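None of the values given here were measured: they were computed from a predicted structure. Just the heavy atoms: all of them, side chains too, but no hydrogens, waters or symmetry mates, feed the values below.
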Amino acid sequence: MSAPTVEIHDVRKRFGRTTALQGVAFDAAAGITGLLGPNGAGKTTLLRMMATVLAPDDGRLRVLSWDPQVADERLAIRRRLGYMPQEPGFHRSFTAFEFVDYVAILKEMTERRARHDEVRRVLGLVGLDDVSGRKIKALSGGMRRRVALAQSLLGDPDLLVLDEPTAGLDPEQRLRFRELVSDRTADRTVILSTHQTEDVAALCQRVIVMLDGQVLFEGTPRELTQVADGRVWLADDRAAGARLSWRTADGAHRNIGEAPSDADLVAPTLEDGYLLLVGDRAFAEEAA
Amino acid sequence: MTTTWHADRTVLAAYVEGGLDDVRASSLEAHLLTCDRCRDRVATSTGADAIDHVWGSIVDTIDTPHRSAVERLLLTLRVPEHLARLLVATPSLRLSWLVAEALALGFAVIAANGTSDQNEELVLFLFLVVAALLPVAGVAVAFGPGIDPTYEIGVAAPMPADRLLLIRAAAVLASSVSITVFAALALPGLDAIAAAWLLPALGLTVATLALGTWVRPLVAAASVALTWVLSAAAAAVSTQDRLAAFRPVGQVACLAVIAVSAAVLTHRHTLYEGRIAR
């Protein structure tokens with residue numbers, strides 16, 4: 001791994017009586033790092049800290065080798081940061097162009113022509129050039145997420161912090177997103193959170209699995225997949241030793257857990273590794 | 001159509017460089033419309049940068065969405081283009097807010113004009129108290145979490161929060177003062193007291209901004225508003241003069257509030273930013 005661009009040491013955060021992060025530590029370097037975990041795992045809290053929007057109660061955080069707690073350094077980070085919040089708000093009467101233009105001004109782009117060129121460039125990147133003159137309130141949910149993504153790309157930042165960028169995108173848009181993000185990561189850092197294990201498998205060089213405000217796993221997607229090596233098998237029925245089991249389209253049961261010695265083992269996916277790590281808990285939350 | 005003469009190379013070169021005066025340039029352009037050969041020469045001798053620049057300007061002119069009424073007004077008032085865009089996103093600079101302000105004051109003016117002489121002073125008191133509070137309300141909803149929908153994106157951007165807030169507060173103050181001036185002109189028996197809301201309005205606004213370095217804008221505004229209403233009422237009761245808060249002593253007190261608040265704001269304005277990242 002090259003020199004880390006984001007360093008997190010024993011970071012803690014509480015909101016009232018709720019503990020959001022209880023001693024999180026990991027480093028992220030150039031490339032794409034994915035945060036995976038169920039709702040309430042602390043992903044958003046952590047991303048907001050990296051985006052300099054939230055300060056930790058305790059612990060140390062360095063972003064692009066600066067300390068976000070120090071005013072001057074925080075400004076330096078913000079000048080090289082692109083951030084897409086989980087629920088980006090919009091001035092709904094703005095058009096897509098006006099909204100991205102507005103954010104460009106907040107990003108200190110005051111010269112009109114250059115700024116407008118940049119706004120058109122990022123709207124083009126997310127495939128919204130045709131609807132740039134349409135009001136945000138008239139755009140679909142997926143289009144709005146792409147507007148939010150476009151503003152994060154303004155100025156080609158060194159660090160992109162994206163909170164669930166693929167939520168609400170249809171499969172084709174998700175593929176376009178993958179193309180877009182993977183195109184620009186040779187020397188840049190992208191940190192994204194997602195519920196989609198396919199996104200992580202397809203995009204990320206590193207994956208962090210979070211649960212209950214702690215890091216449960218840190219490694220490559222391949223290593224996460226390997227967690228389920230020898231622990232996924234097909235059977236006619238739900239197997240006794242299976243922690244999770246479901247009937248697949250062809251009628252066989254896909255079992256995940258402690259396989260019997262004569263099990264018909266199959267190659268695990270990253271999702272299997274993730275499910276085994278997070279266990280029944282993720283399932284219970286998804287069902288809820 | 002063919003022409004019998006062609007433009008001199010030096011003239012064409014000067015035209016491409018932008019070095020011809022308007023008369024000679026338009027004369028040449030009239031010729032270019034009818035002469036393929038000269039047009040070709042201009043096309044081949046024009047640099048790619050110049051073409052890109054012109055094309056970029058055309059795209060920018062065509063592509064830029066039309067501006068809202070408020071934004072056009074701001075540009076007419078010579079507000080820089082990028083500031084105008086920041087201001088139109090202010091909830092308390094929307095047309096609906098401005099209309100609401102005008103209506104509130106309009107009703108007060110109508111009441112003042114329709115009331116008996118005995119009650120006139122009471123209506124004037126209410127008008128002055130409310131007029132001083134309008135910019136405070138506007139500042140309270142100018143910028144902040146839960147108020148500005150793009151707050152989170154704005155916080156993560158390099159523009160300092162205090163700068164954005166102060167820009168918006170200045171615009172809010174200017175707009176509500178303008179509206180109030182018009183309303184005050186329509187008050188019956190117009191005299192100097194009709195302008196007595198101005199210093200209190202300034203004082204309360206600056207006090208709200210200063211207090212906002214400790215607490216959220218809405219809390220700051222509510223505290224300032226409550227203190228103001230109670231003080232104005234207390235002054236009226238204790239002196240048997242309903243307009244006591246607006247007499248010279250009150251005005252001096254407002255000046256003092258402005259001075260203290262401005263000092264606090266100068267000293268603490270950067271804390272807006274730090275207070276956010278909690």
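Heavy atoms closer than 4.5 Å to chain B are found nowhere in A:Glu87, neither backbone nor side chain. With a 4.5 Å cut-off on non-hydrogen atoms, B:Leu83 does not touch chain A at all. Residue A:Leu106 touches chain B through both its backbone and its side chain, counting heavy-atom pairs closer than 4.5 Å.
One finds the CG atom of A:Asp101 at 11.0 Å from the NE2 atom of B:His82 (value rounded to the nearest 0.5 Å). A distance of 9.5 Å separates CD1 of B:Ile153 from OH of A:Tyr102, quoted to the nearest 0.5 Å. One distance of note links CD of B:Glu152 with CG of A:Asp163; it measures 8.5 Å at 0.5 Å rounding. Rounding to the nearest 0.5 angstrom, the gap separating the CD atom in B:Glu81 from the CZ atom in A:Arg115 is 4.0 Å.
With chain A as partner, the option from B:Pro149, B:Pro80, B:Gly154 having the largest number of non-hydrogen pairs under 4.5 angstrom is B:Pro149. Here A:Gly89 is the residue among A:Gly89, A:Pro88, A:Ser152 with the most heavy-atom pairs under 4.5 Å with chain B. Of all the listed residues (A:Ala76, A:Pro85, A:Ala51), the one sharing the greatest number of non-hydrogen pairs under 4.5 Å with chain B is A:Pro85. Heavy-atom pairs under 4.5 Å with chain B were tallied for A:Arg113, A:Gln151, A:Lys107; the largest tally goes to A:Arg113.
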The test is side-chain contact (heavy atoms from CB on, under 4.5 Å); show your working for B:Thr150 and A:Phe99 and say whether it passes. CA-CA 9 Å; B:Thr150 52; A:Phe99 174 74; 3.1 Å; yes

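Nearest heavy-atom pair, B:Ala156 versus A:Val53, reported as atom, atom and distance to 0.1 Å: CB-CG2, 4.0 Å.
Counting non-hydrogen atoms of other residues, nucleotides and ligands closer than 6.0 Å to CG of B:Asp52 gives a total above 12. Shown here is B:His267, whose NE2 atom has no more than 12 heavy atoms of other residues, nucleotides or ligands within 6.0 Å. Open room surrounds CG on B:Asp22; 12 or fewer heavy atoms of other groups in view lie less than 6.0 Å from it. Within a 6.0 Å radius of CZ in B:Arg163, other residues, nucleotides and ligands contribute 12 heavy atoms or fewer.
In this model, a donor atom of one side chain and an acceptor atom of the other lie less than 3.5 Å apart for B:Asp148 and A:His91.
No donor-acceptor pair closer than 3.5 Å links the side chain of B:Arg85 to the backbone N or O of A:Val103.
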